Amino acid sequence: MDTIKKPEEINQPRRRFFGTAALTITAAQLALNSFAEAQPSKAEQAGVRSIKPGTNTSFGPLKQIDAGLLNVGYAETGPADGPPVVLLHGWPYDIHSFVDVAPLLAQAGNRVIVPYLRGYGTTRFLSSETFRNGQQAAVAMDIIALLDALKIEKATLAGFDWGARTANIIAALWPERCKAMVSVSGYLIGSPNMVPLPPKAELSWWYQYYFATENGRAGYEKYRHDFAKLIWRLASPKWNFDDAIFDRSAASLDNPDQVAVAVHNYRWRIGLAKGEPQYDDLDKRLAESPVITVPTITMEGDANGAPHPEPSSYAKKFSGKYQHRTIKGGVGHNLPQEAPQAFAKAIVEVAEI
């Protein structure tokens, strides 16, 4: 799971309007709103249809491509000349979080790329000598390398958990590569310089502290499927996924680098593991919590059991066109898989907000 441990408090400004000017502005705004509501959205024009979560079970044959330090496994669907969309999963999930989202986007005319992150599925390091690094900048650089390998200059990025953080980083540091973004749980760029939280808040991060021990590393190695299922249930307490849905994703955790990458990621976050020097400059920039300028829709499920910041705490981190959407109906942390239509609709609409 992925979020910011101690969100920045941000107060929203209050606007007051007086007299006739206020009435004029309000009337004009109502007229504009009525006009906007009367216009069919791009999502409606493209026909992002309703879909029952769990309708699809497979992407079909996967592809592999050398990109940077990795040979990346990925699913691809949609027209090759369509606007590119890259969907980024989190931990302990995988590309099947988007198994219902991808066909909706493809039907809307998009070229959809869904990669396994480092340490998952069929993605492998090209060299046995490469450090199994899980720090945020390294994962983001993997996706930049993938865009380069696929000859994609600019794409819409969308994700949750580790994937949302990765999309945030690319949007912040390389906005020329990111057309627009959909980010579950908002702004997730962080740094290892954290301060203690009250005990109740720290409890939500139990797995992070478990991974800080060698016993935790050994326990995850031995029980990684059981561990992942527990995280799924805690993070999405109202999602009644079955064994078949879980097993399809859990298979990706059998990747030989999964434990090393995941444990390093969480140890790095709390300052117990060092990053690699080639990412130092990026980490310094990320430690400043850079503002994101690309068009963005942030999303949150109304039943997210994972630690996550309040939308008001990160709204000012987005200086471009911006919306926040809360998805109701018992939707938890794995929002794309639990509410695929809402997630796909946000991706189609993000460029026109």
Side-chain angles (χ1 to χ4, degrees), residues 1-5 7 86-101 114-121 123 134-140 142-143 157-172 181-190 204-208 211 220 224 227-237 239 241 245-246 248-250 252-253 255 258 261-270 286 296-309 311 314 325-327 331-340 342-343 346-347:
M1 294 184 287
D2 197 273
T3 187
I4 298 174
K5 186 171 179 183
V86 180
L87 305 177
L88 302 168
H89 69 81
W91 175 89
Y93 306 91
D94 82 330
I95 63 173
H96 289 88
S97 290
F98 306 106
V99 73
D100 287 324
V101 174
V114 194
Y116 281 113
L117 301 185
R118 58 169 60 194
Y120 296 83
T123 291
Q135 72 186 106
Q136 59 182 359
V139 180
D142 290 343
I143 303 306
L157 305 178
F160 73 107
D161 199 85
W162 287 24
R165 171 179 278 195
T166 301
N168 287 180
I169 292 170
I170 295 172
M181 179 177 67
V182 173
S183 177
V184 177
S185 295
Y187 187 93
L188 298 178
I189 296 172
S204 299
W205 296 94
W206 66 271
Y207 56 92
Q208 186 166 260
F211 284 161
Y220 185 47
R224 64 179 85 175
F227 198 100
K229 184 173 283 189
L230 175 61
I231 293 292
W232 279 38
R233 295 201 184 283
L234 292 173
S236 298
W239 182 30
F241 59 87
I245 288 174
F246 174 77
R248 278 191 288 272
S249 286
S252 73
L253 303 178
N255 182 295
Q258 165 60 207
V261 170
V263 169
H264 181 264
N265 176 283
Y266 289 106
R267 289 183 179 181
W268 176 84
R269 292 194 202 186
I270 56 176
L286 295 172
T296 298
I297 293 176
T298 58
M299 306 183 76
E300 193 63 81
D302 66 344
N304 186 359
H308 59 278
Y314 53 70
R325 300 178 181 181
T326 298
I327 309 304
V331 176
H333 189 60
N334 187 1
L335 191 151
Q337 197 163 4
E338 298 176 57
F343 192 74
I347 294 169

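Values below: all heavy atoms of this structure, side chains included; hydrogens, waters and symmetry mates excluded. None of these values were measured; they are calculated from a predicted model.
Residue T166 is tested with V139, D161, V86 for a side chain to side chain contact (heavy atoms under 4.5 Å, CB included); the sole match is V139. A side chain to side chain contact (heavy atoms under 4.5 Å, CB included) with Q337 is found for one member of D100, V101, V331, I245 and no other, namely I245. When each of Y120, F160, F98 is tested with Y93 by the rule ring pair (Phe, Tyr, Trp, His ring centres under 6.0 Å), just one qualifies, namely F160.
Listed by chain and number, the residues in a side chain to side chain donor-acceptor pair (under 3.5 Å) with D94 are H96, S249 (sequence neighbours excluded). Residues meeting the side-chain contact (heavy atoms from CB on, under 4.5 Å) test with A342, sequence neighbours left out: M299, I327, A339. With sequence neighbours left out, the ring-ring contact (aromatic ring centres under 6.0 Å, His included) criterion links Y116 to no other residue.
Remark: the backbone N or O of G190 is paired with a side-chain donor or acceptor of Q136 at under 3.5 angstrom. Side chain of W162 to main chain of L88: no donor-acceptor pair is present (N/O by atom type, distance under 3.5 Å, no hydrogens or angles).
For the residue pair S236 / N334, no side-chain donor-acceptor distance below 3.5 Å is found, with atom types taken as modelled. Side chain to side chain, E300 and S185 meet the donor-acceptor criterion of an N or O pair below 3.5 Å. Between the side chains of T123 and N255, no donor-acceptor pair of N or O atoms lies under 3.5 Å.
Across all their heavy atoms, I231 and P92 have their closest contact at CG2-CD, 3.5 Å.
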Go through the steps for L286 and I169 under the test side chain to side chain contact (heavy atoms under 4.5 Å, CB included), then give the verdict. CA-CA 8 Å; L286 295 172; I169 292 170; 3.9 Å; yes
Give the C-alpha distance, both sets of side-chain angles, the deciding distance and a yes or no for ring-ring contact (aromatic ring centres under 6.0 Å, His included) between F227 and W206. CA-CA 12 Å; F227 198 100; W206 66 271; 5.5 Å; yes
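Atom CD1 of I347 is separated from atom CG of L157 by 10.0 Å, given to the nearest 0.5 angstrom. Atom OG of S97 is separated from atom CZ of R248 by 11.5 Å, given to the nearest 0.5 angstrom.
F211 and W91 have perpendicular rings, their planes meeting at more than 60° on a 0 to 90° scale where under 30° would count as parallel.
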